[in-house]
Amino acid sequence: MLKSRIICLLGMILASQTALTQSLQLYTTYPKVSVSPGEIIDYNVELINNSSSTRNGRISLQNLPKGWDYEMKSGNYTAEEISVLPKERKSLNLKVIVPSKIEKGQYRFRLVAQGESSLPLTVDVTTDGKTSSEFNSPQTNMEGSAKSTFTFNASLLNRSSDAQVYRLGANLQPGWGATFKVDGKQVSSVNIEGNQRKDILIEILPPESVKKGKYTIPLFAQSPLNQSDLSLEVVITGSYEIQLTTPEGLLSTTATANRNKSIQFLVKNNGSSDLSQINLNASAPSQWEAHFEPSRISSLKAGESQTVTAIIKPAKKAVAGDYQMTLDAKNNETSDSVKFRVTVETSLLWGWVGILIIAIAVALVYFLIRKYGRR
């Protein structure tokens with residue numbers, strides 16, 4: 001009887017000790033993760049007090065592989081010991097830094113709360129480690145005309161634990177251009193601290209003579225230890241180029257004050273894409289009149305041209321001399337503007353009127369001399 005009571009008492013003590021050892025509990029949502037070499041694993045951990053009294057938990061990380069590093073904080077402070085009220089929990093953040101030079105495989109370690117609770121953690125490194133980098137862009141394809149500047153947002157990640165200087169470059173076809181900008185400044189290289197990322201703005205400029213089609217733009221970021229590549233794609237929808245000229249190429253004419261003058265012009269589509277809704281305008285000196293007929297071309301196919309007429313009328317009181325006009329043709333994609341010289345000449349009518357006045361004056365003098373010259 002006494003023996004059975006002793007056994008029962010021992011059982012109660014053991015049960016009490018078991019409950020005591022389980023009064024603190026560590027919990028995280030993802031105890032097993034898969035990462036690449038050089039990544040930083042961010043664990044959100046809860047320390048739970050299941051007991052009816054305040055408990056202090058000394059937190060430590062055990063069996064961390066050699067060469068790995070970590071940082072553990074609760075709030076803004078490095079967490080070494082955390083006090084938890086009864087039936088409550090406290091949050092802590094554990095960052096584990098995976099080294100860049102590491103072999104592929106599974107690595108295990110434990111987060112321990114004062115020997116009362118142990119949280120096993122497993123990290124699956126998916127590739128063999130090396131000093132690596134990552135050059136990527138959220139959007140690698142853009143479309144536009146031959147005169148467009150294609151702007152891409154990219155980022156470069158230094159996965160190594162040491163700072164690296166990366167040379168930025170592109171393997172371009174003749175005539176193409178590429179510029180790199182960091183923090184608003186054009187650069188040819190960039191310095192990135194270990195396990196840090198830099199945002200890079202990339203501008204691609206095609207040659208004016210580029211043909212319609214799809215083009216691949218190979219870019220690279222090269223350090224003394226490795227090279228990371230980024231492939232962009234540019235789709236040229238065509239080139240847009242319009243020309244306004246005369247059939248003979250002569251950009252001057254003569255005109256008479258207050259009289260209409262019609263001049264033939266050619267509107268040429270020198271691009272590889274069709275043009276639509278081309279507006280024609282004329283800017284003339286004050287009190288002049290100038291316009292095109294027609295004033296709009298609804299469509300003009302690539303390589304074709306259309307004849308239009310510019311009608312100008314110098315001012316009524318325009319004196320003889322040279323005047324300049326501005327004529328332009330434009331739509332949403334392209335435009336062309338020319339300076340046109342107009343030489344205003346005296347009207348023949350006024351010339352004959354002048355001759356007539358002179359003749360009358362001579363005749364009048366002759367008459368007067370004949371009549372009164374004898375006296």
**Q** Do Leu205 and Ile236 share a hydrophobic cluster, counting only Ile, Leu, Val, Met, Phe, Trp and Tyr and linking them when any side-chain heavy atoms are less than 4.5 Å apart?
**A**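 No, no single cluster joins them.
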
**Q** Is it the case that more than 12 heavy atoms not belonging to Lys261 sit under 6.0 Å from its NZ atom?
**A**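 Enclosed.
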
**Q** Within the 4.5 Å heavy-atom criterion, are Val35 and Val123 side-chain neighbours or not?
**A**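 Yes, at least one pair of side-chain atoms sits under 4.5 Å.
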
**Q** Walk me through it: do Thr140 and Ser137 pass the test side-chain hydrogen bond (donor to acceptor under 3.5 Å, both in side chains)?
**A** CA-CA 6 Å; Thr140 58; Ser137 172; over 6 Å; no

**Q** Tell me, yes or no, whether the heavy-atom count around Glu80 atom CD, taken from other residues, nucleotides or ligands under 6.0 Å, exceeds 12.
**A**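 Count not over threshold, so no.
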
**Q** Among Leu94, Leu92, Val45, exactly one meets side chain to side chain contact (heavy atoms under 4.5 Å, CB included) together with Thr28. Which residue is that?
**A**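 The residue from Leu94, Leu92, Val45 that satisfies side chain to side chain contact (heavy atoms under 4.5 Å, CB included) with Thr28 turns out to be Val45.
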
**Q** Hey, are the side chains of Lys95 and Ile40 touching, using non-hydrogen atoms and a 4.5 Å cut-off?
**A**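 Lys95 reaches Ile40 side chain to side chain.
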
**Q** Please tabulate, one pair per line, all N/O donor-acceptor pairs under 3.5 Å involving side-chain atoms of residues 173-182, not counting sequence neighbours.
**A**
{"from": "Thr179", "atom 1": "OG1", "to": "Glu203", "atom 2": "OE1", "distance (Å)": "3.4"}

**Q** When hydrophobic residues are tied together by side-chain contacts of less than 4.5 Å, even through go-betweens, does Val112 share a cluster with Ile48?
**A**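 No, because Val112 and Ile48 fall into different hydrophobic clusters, even though each may have its own neighbours under 4.5 Å.
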
**Q** Are the side chain of Asn49 and the backbone of Leu85 linked by a donor-acceptor contact shorter than 3.5 Å?
**A**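 Here the side-chain-to-backbone pair exists.
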
**Q** Determine the minimum heavy-atom distance between Ser36 and Thr126, stating which atoms define it.
**A**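 For Ser36 versus Thr126, the nearest heavy atoms are OG-OG1, 4.0 Å.
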
**Q** Say whether Gln62 and Arg110, considering side chains only, have a donor N or O and an acceptor N or O under 3.5 Å apart.
**A**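 Checked: Gln62/Arg110 side chains pair up, N/O donor to acceptor below 3.5 Å.
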
**Q** Measure the spacing between CD1 of Ile200 and OH of Tyr166 and express it to the nearest 0.5 Å.
**A**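 The OH atom of Tyr166 is 10.0 Å from CD1 of Ile200, to the nearest 0.5 Å.
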
**Q** To the nearest 0.5 Å, what is the distance between CD1 (Ile59) and CG (Leu47)?
**A**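 Output value for this atom pair is 5.0 Å.
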
**Q** Would Gln306 and Lys268 satisfy side-chain contact (heavy atoms from CB on, under 4.5 Å), going step by step from the backbone distance to the final call?
**A** CA-CA 7 Å; Gln306 181 172 328; Lys268 297 181 179 181; over 6 Å; no

**Q** Could you pull out the closest heavy-atom pair between Phe152 and Gln139, with the gap in Å?
**A**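 So the two residues come closest at CD2-O, 3.2 Å.
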
**Q** Can you tell me how far CD of Glu143 sits from NZ of Lys214, rounded to the nearest 0.5 angstrom?
**A**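 Here the rounded value is 10.0 Å.
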
**Q** Give the other cluster members for Val342, using side-chain heavy-atom distances under 4.5 Å between Ile, Leu, Val, Met, Phe, Trp and Tyr residues; answer none if it is isolated.
**A**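 Grouped by the 4.5 Å side-chain rule, Tyr240, Ile242, Leu244, Leu251, Ile263, Phe265, Val267, Leu275, Ile278, Leu280, Trp288, Phe292, Ile297, Leu300, Val308, Ile312, Val319, Tyr323, Met325, Leu327, Val338, Phe340, Val344 form the rest of the cluster around Val342.
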
**Q** Which pair of non-hydrogen atoms, one from Ser74 and one from Ser91, has the smallest distance, and what is that distance?
**A**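 Taking every non-hydrogen atom into account, OG-O, 3.0 Å.
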
**Q** Tell me the closest heavy-atom pair linking Ser262 and Thr309, and the distance in Å.
**A**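 Shortest heavy-atom separation between Ser262 and Thr309 comes out as CB-CG2, 3.9 Å.
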
**Q** Might you work through the side-chain contact (heavy atoms from CB on, under 4.5 Å) test for Thr151 and Ile202, ending with a clear yes or no?
**A** CA-CA 6 Å; Thr151 303; Ile202 304 169; over 6 Å; no

**Q** May I have the step-by-step check of side-chain hydrogen bond (donor to acceptor under 3.5 Å, both in side chains) for Ser23 and Asn50, ending in yes or no?
**A** CA-CA 5 Å; Ser23 61; Asn50 295 316; over 6 Å; no

**Q** Would you say that Val33 contacts Asp124 through its side chain, given a criterion of any heavy-atom pair below 4.5 Å between the two side chains?
**A**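 In short, these two side chains do not touch, never coming nearer than 4.5 Å.
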
**Q** Where is the tightest heavy-atom contact between Asn331 and Ser276, given as atom of each residue plus distance?
**A**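 Of all heavy-atom pairs spanning Asn331 and Ser276, the closest is ND2-O, 3.1 Å.
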
**Q** Verify the neighbour count for atom CG of Asp183: are there more than 12 heavy atoms of other residues, nucleotides or ligands below 6.0 Å?
**A**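 Incorrect, the count does not exceed 12.
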
**Q** For Asn332, what residues pass the side-chain contact (heavy atoms from CB on, under 4.5 Å) criterion, not counting sequence neighbours?
**A**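 Applying side-chain contact (heavy atoms from CB on, under 4.5 Å) to Asn332 gives none.
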
**Q** With a cutoff of under 4.5 Å between side-chain heavy atoms, which Ile, Leu, Val, Met, Phe, Trp and Tyr residues group with Phe220?
**A**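 Answer for Phe220: none, a lone residue.
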
**Q** I'd like to know if the side chain of Thr237 reaches the main chain of Gly144, judged simply by a donor and an acceptor atom lying under 3.5 Å from each other, with no hydrogens or angles considered.
**A**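 Confirmed, Thr237 side chain pairs with Gly144 backbone.
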
**Q** What pairs with Asn258 under side-chain contact (heavy atoms from CB on, under 4.5 Å), at least two apart in sequence or on another chain?
**A**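 Asn258: side-chain contact (heavy atoms from CB on, under 4.5 Å) contacts with Lys313, Lys316.
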
**Q** Do the side chains of Tyr30 and Tyr70 join up, straight or via other hydrophobic residues, at under 4.5 Å, putting them in one cluster?
**A**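 Both belong to a single hydrophobic cluster.
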
**Q** Do Val125 and Ile97 sit in the same hydrophobic cluster, where Ile, Leu, Val, Met, Phe, Trp and Tyr count as joined when their side-chain heavy atoms come under 4.5 Å apart?
**A**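 Cluster IDs for Val125 and Ile97 differ.
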
**Q** I'd like to check the side-chain contact (heavy atoms from CB on, under 4.5 Å) partners of Lys66; sequence neighbours left out, ordered by chain and number.
**A**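 Listed in chain order: nothing, the list is empty.
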
**Q** Mind checking whether Ser231 and Pro218 have side chains closer than 4.5 Å, heavy atoms only?
**A**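 Ser231 does not reach Pro218 side chain to side chain.
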
**Q** Any side-chain heavy-atom pair from Gln277 and Ser298 closer than 4.5 angstrom?
**A**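 Yes, at least one pair of side-chain atoms sits under 4.5 Å.
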
**Q** Provide the full list of salt bridge (charged side-chain N to carboxylate O under 4.0 Å, His left out) pairs with a residue in residues 273-295, sequence neighbours left out, each pair given once.
**A**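 Of all non-adjacent pairs touching residues 273-295, none passes salt bridge (charged side-chain N to carboxylate O under 4.0 Å, His left out).
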
**Q** Could you give me the CA-CA distance, side-chain angles and deciding distance for Leu168 and Val190, then say whether side-chain contact (heavy atoms from CB on, under 4.5 Å) is met?
**A** CA-CA 8 Å; Leu168 305 173; Val190 60; 4.2 Å; yes

**Q** Is any side-chain heavy atom of Val210 closer than 4.5 Å to a side-chain heavy atom of Ser239?
**A**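 A side-chain contact is absent here, since even the closest heavy-atom pair is not under 4.5 Å.
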
**Q** Apart from Ile311 itself, what residues make up its hydrophobic cluster when side-chain heavy atoms of I, L, V, M, F, W and Y under 4.5 Å apart count as a link, directly or indirectly?
**A**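 Members besides Ile311: none; it forms no cluster.
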
**Q** For residues 81-92, which residue pairs pass the salt bridge (charged side-chain N to carboxylate O under 4.0 Å, His left out) check, not counting sequence neighbours?
**A**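 Listed once each, the pairs are Arg58-Glu81.
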
**Q** Other than Leu157, which residues form its hydrophobic cluster under the rule that side-chain heavy atoms must be closer than 4.5 Å?
**A**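 Its cluster mates, by chain and number: none.
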
**Q** Looking only at the side chains, is there a donor atom on one of Thr254 and Thr343 sitting less than 3.5 Å from an acceptor on the other?
**A**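 Not at all, the side chains of Thr254 and Thr343 share no donor-acceptor pair under 3.5 Å.
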
**Q** For Lys339 and Thr326, run side-chain hydrogen bond (donor to acceptor under 3.5 Å, both in side chains): C-alpha distance rounded to whole Å, both residues' side-chain angles, the deciding distance at 0.1 Å, then the answer.
**A** CA-CA 5 Å; Lys339 301 295 184 182; Thr326 301; 3.1 Å; yes

**Q** Could you label the plane-to-plane angle of the Tyr107 and Trp68 rings as parallel, tilted or perpendicular, counting under 30° as parallel and over 60° as perpendicular?
**A**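 If you compare the ring of Tyr107 with that of Trp68, the planes turn out tilted.
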
**Q** Quick check: does any side chain N or O of Asn270 sit under 3.5 Å from a backbone N or O of Glu241, one acting as donor and the other as acceptor?
**A**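 No, because the side chain of Asn270 does not come within donor-acceptor range (under 3.5 Å) of the backbone of Glu241.
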
**Q** Under 3.5 Å, side chain of Ser223 to main-chain N/O of Asn226, donor-acceptor pair present?
**A**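 At least one qualifying donor-acceptor pair exists.
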
**Q** For Thr216, which residues count as a side-chain hydrogen bond (donor to acceptor under 3.5 Å, both in side chains) partner, sequence neighbours excluded?
**A**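 Listed in chain order: nothing, the list is empty.
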
**Q** Heavy-atom count check: over 12 atoms from other residues, nucleotides or ligands less than 6.0 Å from Glu304 CD?
**A**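 More than 12 within 6.0 Å, yes.
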
**Q** Could you pull out all residues at least two apart from Asn153 that satisfy side-chain contact (heavy atoms from CB on, under 4.5 Å)?
**A**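 By the side-chain contact (heavy atoms from CB on, under 4.5 Å) rule, Asn153 matches Leu201.
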
**Q** Is the shortest side-chain heavy-atom distance between Asn158 and Gln196 below 4.5 Å?
**A**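 No, too far: nothing below the 4.5 Å cut-off.
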
**Q** How far apart are the closest heavy atoms of Ser117 and Leu24, and which atoms are they?
**A**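 Looking at all heavy atoms of both residues, the closest pair is CB-O, 3.1 Å.
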
**Q** Ser155 and Asp199: side-chain hydrogen bond (donor to acceptor under 3.5 Å, both in side chains), yes or no, with the steps?
**A** CA-CA 4 Å; Ser155 66; Asp199 293 327; 5.0 Å; no

